[in-house]
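Since the structure comes first, as C-alpha cells, the remarks are kept for the end.
Since the structure is predicted, the reported quantities are computational estimates derived from the model, not experimental observations. When a ligand or atom number is given, it counts from 1 through the structure's own listing order.
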Amino acid sequence: MKIVCIGGGPAGLYFALLMKKQGRHHDITVVERNKPYDTFGWGVVFSDQTMDHMRHWDPESAQEIQQAFNHWDDIELQFKGQVIRSGGHGFVGIGRKKMLNILQLRCEALGVKLLFEQDAASDLDFPDADLVIASDGINSNVRNRCPEVFKPDIVNRPNRYIWLGTHKQYDAFTFLFEKTEHGWFQAHIYKFDDQTATFIVECPEDVWLAHGLDQADQAESIAFCEKVFAANLQGERLMTNARHLRGSAWLNFQRVKCAQWSHFNGHSHVVLMGDSVHTAHFAIGSGTKLALEDAIELARQFKDQGDEVAHIPQVLKQYQALRAIDVIRLQNAAWNAMEWFEVCGQRYCDQLAPEQFMYSMLTRSQRISHENLRLRDKNWLEGYERWFAAQANLTAPVMAGHSAPNAVPPMFTPYRLRAITLKNRVVVSPMAQYKSVDGRVGDFHLMHLGARAMGGAALVFAEMTCTSADARITPGCPGLWNDAQQEDWKRIVDWVHQETDAKIALQIGHAGPKGSTCAPWQGAGSDHALPEGNWPLLSASAQAFLPNGQVPSAMTQQDMVRVKNDFVRTAQRAVQAGFDWLELHCAHGYLLSSFISPLTNHRQDAYGGTLENRLRYPLDIFTAVRAVWPAHLPMSVRISAHDWVEGGMTPDQATEVARAFKAAGADMIDCSSGQVSVQQKPVYGRMYQTPFADRIRQEVGIPTLAVGAISEADHVNSVIAAGRADLCAVARPHLANPAWTLTEAARIGYTAVKWPAPYQSGQPQLEAAFARERMLQSAGRGD
Ligand SMILES: Cc1cc2nc3c(=O)[nH]c(=O)nc-3n(C[C@H](O)[C@H](O)[C@H](O)COP(=O)(O)OP(=O)(O)OC[C@H]3O[C@@H](n4cnc5c(N)ncnc54)[C@H](O)[C@@H]3O)c2cc1C
Ligand SMILES: Cc1cc2nc3c(=O)[nH]c(=O)nc-3n(C[C@H](O)[C@H](O)[C@H](O)COP(=O)(O)O)c2cc1C
C-alpha cells in the first residue's frame, strides 16, 4: 500500500511507524511543512494508560519516551495566599519536541520516508497514494477543502490563552490564579523535563481586551504575564517558542468535531486523524492521547481486517465507529473542564474559599467524583471533609449518641435555613401521585410520605398541591383550599413530626395550561386532556400545551386577583397544617411558568414582553404568599432554568429570574428544567441540571437545590462538597427505595446515621453486607 501522512505531529508519525512495522512492504511517507526540530509548544501530558497502549504497540519508541518522561502525582493550587496540594493524580509529561524527535527517529529506522519543509496544499497532491492520512492538525487543509464531506462543527471559545515555557522548577501540576484590576488570570503549569515547564496563561476575552493585550506583541505579552505571576515566578523568566505566529500569540481554543472522518477523493482514500478531526481542550490535556490512540486504532483495524487496498473502506468505517465513542466521552469531559476555566473568574474565584475552590477545580470535568478523590488521596479528602463539616457548623446535638469514626461525608452535614435545621443534604423531590379524591390526601399519602420521612432524607416534599379545584393537573391531584383538606394534611405533617426527625415541605402550584388532564396511566396519559369532565383552563396566553390540547384563556386582571388570593389562602392553610417549608412552583409549564417563558407568554400588557414584565405576576404571587408565610420558615421557588428550546428560557435568563426572586425574599432556588414545550430537546446525563444550580448559587448568591439524575451518595457528596448546590433533591430513586438515604449511607460505609428505633436491627446487617461488597471490590482492584 502507498500511504502518505500529511502532517508530522504525533498522529501522523505514530501511525506511519505502526503501519511500517506491521508491513515493511508498505510505502509510507510523512510530509511535514516544518523543519525536523522546529515545532511550536512546550510539553504535553498524558496518562499512564496511554503509555501502556504505546508499550504494547511499539515497545521501542515507548521505552525511549518513558526514559524522557517526567512522572508526577500531585496537583497544587496557589490561590489567595494559600498553597493546597493533593496527590494520586498520576500524570506523565514530555517535551513535544522530544517526543516528535523520538517518533521521527523511529520512523526513519523502520524505513518511513520523512519529507520536511514541504507544504501540502491538499490530499490531491498525492494522486498515486492508496491512502492519505490527514494528520495536518487543527487547521487541516484536507478537512477544510471538503467541508460538505467531513461536516466539521467548529466552535470558537471565548477565553484567550498563550502557551509559554519557563525554567522555574515545579514538582506538581500547578495552578495559579491572580486577580488584576480588570479580572482574573490563571496559569496551568507542568514540568516536562529537568529544566523546563509548560506555562499556559488564560483569561476571558474582556479581561484580555481591558489590558490591551490585543495590541501587545509577544515580548509585551510575556512581560505582562511575568508581572501578573511575579509572586510565583520570583524573578524567573517566561519564554515563547511560537515566533512563527505573527502579531498576538494569544489564541482562542477551537473545539472541532466532524460527522464524517473519511472519503474517497477520486484517486485515494482520505482519512482524518488527531486534531484535524477532533480537539480536546488543554484543561484535561488529552489532545496528544487522542491523536496517538487514533493512530493505534487505525493500525489495529488494518492488522485485524487485512492491509490490502481492498480492505480500506471497511477499515476506515470501523475506525470511525470505534474511535468516535471514545472521542465524544473525552470531549464531553474536556468541555466541562474548559467551561470551568472560562467562568471561574466570575463564578468561583471571588466566591469560594481556597479549600472549596480546590475541590471544585479537581472535579471540574465531572468525571472525577468524591470517591475517586478518596482513592487518589484519602488524607487530603478527609481533611477537606473535616473542613467542610466545620463550615456547615456540624454541632454536637446532630451527632449526639453516635460515633463518627470517619470524617463526615458532605451529604451528611446539617444545613440551616431561617429557623429550620435539616439533618443532612438529601431532599425527597416533589412527586405527583394522582391518588387524591376531591383534592384530599388520605392513607396512601400518609404511607407514601411517612415511609420516605423514615428513610433518612432530611426534607420530604409533598407533591404539587393545588390552590383551587380548577388549579389541579388531574382529578387525582391534591389541593389545599378547604378545611377537610387542611385536616388531612395536618394528620400527615403531625405524623412525620412525631415519628421522625425529617422536616416536611409543601409545594404549591396551579396547573395552568396543563390542567384538566389524565394521570400517566389513564386514558391517553400525562398532559392529554381528560376524555370528559374537563374544566376551563387559564394561562398567560391562549396557547395549548399539546398541539391538539385544550386551549386555555389568557388570564384577565380579575383572574389574576382570584388566583393570587387562592395562593395566599393555601399558604395560610399550609401554616395551619404545620408544614416546615413552602415552595412556589414556577416551573414545568404550569401557570406561573407560563408567564415566565417567552414560549408560552405572548401578552402585550404589563405581564408580557420583557423578562421583567413576564416575572411580574409570579413575583406578585410570591410576595403575597411570603407575607403570610411565617418569617422563621424557609420558602423556595422551583424554576425551569432551561426550556431546551431555541428562543426559550436559557440559563442566562434563569440567573435573572433567580435574582428577582431573591430580591423578593426567596430563600432558595430549586433548579429544575424543561417541560415547558413539547419541542424541548434536553441533554440528559448524570446530574444534568446541577450546572444551573451551581451557576445561580455562585452568580446570584442565593442557596440552591439541585435536582435531576442525582442517584448515588457519590453524586450528592460531589455536588455539596464542590458548593454546586446546598441541597440535593432525589426523585425517582425514592420511588424504588423510600430508605434511599439510609441505604446510601450504608453503601459508602457511613455508620453515624440514625435509623428509626424500630428498624435499628436492620442497620448493622445492611452495613456489614455493604462492607463486604466494598472489601471484594477493593480486592478486585488490588488496593
Ligand atoms: C496550549 C496547548 C496545550 C496543550 N497541551 C496538551 C497536553 O498537555 N497534552 C496533550 O495531550 N495535548 C495537548 N495539547 C494538544 C496537542 O498539542 C494536540 O492535540 C496534538 O498535538 C494533536 O496531534 P496531531 O498530530 O493531530 O496534530 P499536530 O500536533 O498539530 O500536528 C500537525 C502537524 O501537521 C503539520 N502540517 C499542518 N498543515 C500541513 C501542511 N499543509 N503540510 C504539511 N504539514 C502540515 C504541522 O506543522 C504539524 O506538525 C495542547 C494544545 C495546546 C494548544
Ligand atoms: C412520578 C413523578 C412525579 C413528579 N411530580 C412532580 C411534582 O409534583 N412537582 C415537581 O416540581 N416535580 C415533579 N416531578 C419532578 C421531580 O421532582 C424531579 O424534578 C425529576 O423527577 C428529576 O429528578 P430525578 O432524576 O431524581 O427523578 C415528578 C417526577 C416524577 C418521577
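- Taking distance alone, with nitrogen or oxygen atoms compared against 3.5 Å, R33 approaches ligand 1 more closely than that limit.
- The contact set between ligand 1 and G274, taken as ligand atoms under 4.0 Å from a residue heavy atom, comprises 26 (O).
- The N/O atoms of G12, backbone and side chain alike, include none that comes under 3.5 Å of an N/O atom in ligand 1.
- Comparing heavy-atom distances from atom 14 (N) of ligand 1 across F173, W163, F15 singles out W163 as nearest.
- Taking distance alone, with nitrogen or oxygen atoms compared against 3.5 Å, P10 approaches ligand 1 more closely than that limit.
- To the nearest 0.5 Å, atoms CD1 (I696) and CG (L705) are separated by 11.0 Å.
- With sequence neighbours excluded, no residue forms a side chain to side chain donor-acceptor pair (under 3.5 Å) with N144.
- Considering F199, F175, F185 as possible partners of F229, the one that fulfils the ring pair (Phe, Tyr, Trp, His ring centres under 6.0 Å) test is F199.
- Nearest to atom 12 (N) of ligand 1 by heavy atom, out of I94, T288, V31, is T288.
- Between A11 and ligand 1, a contact under 3.5 Å exists for at least one N or O pair.
- Looking at S140 against ligand 1, nothing comes within 4.0 Å, counting heavy atoms.
- Ion pairing of R33 with E117 is absent here, as no side-chain N (NZ or NE/NH1/NH2) approaches a carboxylate O to less than 4.0 Å.
- One finds a salt bridge joining D123 and R145 here, because a Lys/Arg side-chain nitrogen approaches an Asp/Glu carboxylate oxygen to under 4.0 Å.
- Considering only residues two or more places apart in sequence or on other chains, K113 meets the salt bridge (charged side-chain N to carboxylate O under 4.0 Å, His left out) condition with D27.
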Please output the side-chain donor-acceptor pairs of residues 278-285 that fall under 3.5 Å, not counting sequence neighbours, one pair per line with the distance.
from: H278; atom 1: ND1; to: G274; atom 2: O; distance (Å): 3.4
from: H278; atom 1: NE2; to: D294; atom 2: OD1; distance (Å): 3.4
from: H278; atom 1: NE2; to: D294; atom 2: OD2; distance (Å): 2.7
from: T279; atom 1: OG1; to: Q254; atom 2: O; distance (Å): 2.8
from: T279; atom 1: OG1; to: V256; atom 2: N; distance (Å): 2.8
from: H281; atom 1: ND1; to: A283; atom 2: N; distance (Å): 2.9

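- Ligand 1 has no N or O atom lying under 3.5 Å from any N or O atom of I200, backbone or side chain.
- Considering D275, I138, L251 only, the shortest heavy-atom separation from atom 22 (C) of ligand 1 involves D275.
- Of the listed options T50, V30, D119, N34, D119 places a heavy atom closest to atom 40 (C) of ligand 1.
- Assignment of F253 to the shell around ligand 1 is not supported, since no heavy atom sits closer than 4.0 Å.
- For ligand 2, residues of the protein lying within 4.0 angstrom by heavy-atom distance are S429, P430, M431, A432, M464, Q507, H585, H588, R638, V707, G708, A709, V730, A731, R732, P733.
- Side chains of T741 and R452: a donor-acceptor N/O pair is absent below 3.5 angstrom, by distance only.
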